[in-house]
Amino acid sequence: MEDTPGDRVTDEAGEVTDRVRQVIGRLGCSQREFARRIVMDPSKLSRSLGGTRRFTLAEIVRIADIGAVDTGWLLGAPERPAAPAGREPVAVPEAGRPLQLVRETVRLIAEHGFHGVRVTDIAAACGTSPAAVHYHFPGRDELLEAAVRWCMDEDTARRAAESAAAPDAHAELLQLIALQIPRTGQQRRQWLVWLDLWAEAARSTAVGRLHEHYYRQWRTTVAEVVRRGVDQGVFRTVDPEFTALRLTALIDGLATQVLATAPDSTGPDTMHTALRAFVESELTPAPTV
């Protein structure tokens, strides 16, 4: 969701950009990792540092929070307001308040759906005020988008970590499948968010279009693993794209059944068995005689 021009910070001399670069340098991380920490689209950060886009005030505040510097040093703005009187300090993740807000937003989306989450609910979950939420995120829509991006980044990071250790494409595909089984509370929450995102995509909302882009990447990842498996000889000769389409559709359908609350609903073990059976019947080469 694009910010309105009035939200953007004037930086004609490039001083704000230089100071943001200093913050990144002090943290010793890549621009992509820094973008993840401040819950910002990496392409927006790159354009802002390159001078073709100006930072928004909300982004500057998040940068100051993660970099442990004064907003005034970055921008000349007043110091961050003190916490509400009489409230106990809230445990904030190492990456800062924005990440806490994003994590709680994901949890609330899973519990109540996109349209059932209010800024007041998020503030209450974090032990802070709606004004403090708006201090980091100008509006509810930006916070919802940040929550979706964080979910996607976490899922991508988990897949990359598991895939790196796989000895071949067959093992890699089975690991990718195992990650899709909604067994843990976190996995179930993430799937509930994805189900809501399908509805948003069907309505062509901005968040829905973000999910559509991510889902295309996910299916491409599966197709690439299948293609490598064919090249390695651990899979029979198949159309990688069509196989990925069928397998991801099967994953989606089975996960939806697992999340159903009926007593006779499909369970995680049944889902896992069915997906492994698909790999064995559709991809594993027939034994030679």
Side-chain angles (χ1 to χ4, degrees), residues 32-33 36 42 103 106-107 109-110 147-198 200-201 207-260 265-287:
R32 183 169 187 80
E33 170 61 16
R36 189 189 72 81
R103 285 175 174 172
V106 169
R107 182 181 65 79
I109 291 171
V148 171
R149 288 189 185 280
W150 181 78
C151 258
M152 294 175 180
D153 286 347
E154 288 292 295
D155 189 51
T156 300
R158 280 195 298 272
R159 291 204 310 261
E162 291 291 332
S163 297
D168 57 31
H170 183 274
E172 184 177 357
L173 186 60
L174 291 181
Q175 287 174 346
L176 289 178
I177 285 172
L179 288 173
Q180 303 307 308
I181 311 300
R183 296 185 185 278
T184 67
Q186 179 182 357
Q187 288 170 324
R188 290 180 69 87
R189 281 193 296 273
Q190 195 156 15
W191 265 109
L192 287 168
V193 172
W194 296 149
L195 293 181
D196 242 31
L197 283 171
W198 277 114
E200 294 299 305
V207 170
R209 287 191 293 274
L210 184 64
H211 176 259
E212 181 183 359
H213 172 71
Y214 171 80
Y215 195 81
R216 194 180 309 117
Q217 289 181 325
W218 156 237
R219 200 157 65 194
T220 297
T221 296
V222 174
E224 289 173 351
V225 174
V226 173
R227 185 176 290 106
R228 284 198 299 274
V230 172
D231 293 341
Q232 293 169 0
V234 296
F235 293 150
R236 67 183 67 172
T237 302
V238 294
D239 181 332
E241 283 74 21
F242 186 58
T243 301
L245 172 66
R246 294 169 62 208
L247 179 54
T248 54
L250 183 59
I251 290 171
D252 294 338
L254 287 169
T256 302
Q257 293 181 39
V258 171
L259 292 169
S265 175
T266 304
D269 289 339
T270 302
M271 174 181 176
H272 200 179
T273 300
L275 292 173
R276 290 179 66 95
F278 177 92
V279 173
E280 295 305 313
S281 64
E282 301 295 324
L283 294 174
T284 303

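Please read these numbers as outputs of a predicted model, since none were measured by experiment. Numbers for residues simply follow the sequence, beginning at 1.
Arg188 is listed as a side-chain neighbour of Val258, based on a closest heavy-atom distance under 4.5 Å. Here the side chains of Met271 and Pro182 are in contact, with some heavy-atom distance below 4.5 Å. By the 4.5 Å heavy-atom criterion applied to side chains, Trp191 and Ile181 are not counted as neighbours. Between Val222 and Thr243, every side-chain heavy-atom pair lies at or beyond the 4.5 Å cut-off. Considering only heavy atoms from C-beta on, Arg183 comes within 4.5 Å of Asp269 through its side chain.
In this structure, Ala166 and Gln175 approach most closely via the heavy-atom pair CB-OE1, 3.5 Å. The two residues Pro240 and Val226 make their nearest non-hydrogen contact at CA-CG1, 3.9 Å. In this structure, Ala110 and Leu192 approach most closely via the heavy-atom pair O-CD1, 3.5 Å.
Between Glu33 and Arg36, at least one side-chain nitrogen of the basic residue sits less than 4.0 Å from a carboxylate oxygen of the acidic one, meeting the salt-bridge criterion. Salt bridge absent: Arg236 and Glu282 never bring a charged side-chain N and a carboxylate O closer than 4.0 Å. Asp168 has no carboxylate O lying under 4.0 Å from a charged side-chain N of Arg228, or vice versa, which leaves the two without a salt bridge. Salt-bridge check for Arg276 with Glu280: failed, with every basic side-chain N at 4.0 Å or more from each acidic carboxylate O.
Ring pair His170/Phe235 is tilted by interplanar angle, where 30° to 60° counts as tilted.
From Arg246, atom CZ reaches atom CG of Leu250 across 9.0 Å, with rounding to the nearest 0.5 Å. Taken to the nearest 0.5 Å, the CD1 atom of Ile251 stands 5.5 Å off from the CD1 atom of Ile177. To the nearest 0.5 Å, the span separating OG1 on Thr248 from CZ on Arg216 amounts to 13.0 Å. Rounded to the nearest 0.5 Å, atoms CG (Leu283) and OG1 (Thr237) are 11.0 Å apart. To the nearest 0.5 angstrom, Arg219 atom CZ is 13.5 Å from Tyr214 atom OH. The OG1 atom of Thr284 lies 10.5 Å from the CZ atom of Phe278; values are rounded to the nearest 0.5 Å.
No side-chain donor-acceptor contact under 3.5 Å links Glu172 to the backbone of Val225. When atom types are taken as modelled, the side chain of Glu241 and the backbone of Ala223 share no donor-acceptor pair closer than 3.5 angstrom.
Between Tyr215 and Trp198, the ring centre distance stays below 6.0 Å.
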Check step by step if side chain to side chain contact (heavy atoms under 4.5 Å, CB included) holds for Thr256 and Thr266. CA-CA 9 Å; Thr256 302; Thr266 304; over 6 Å; no
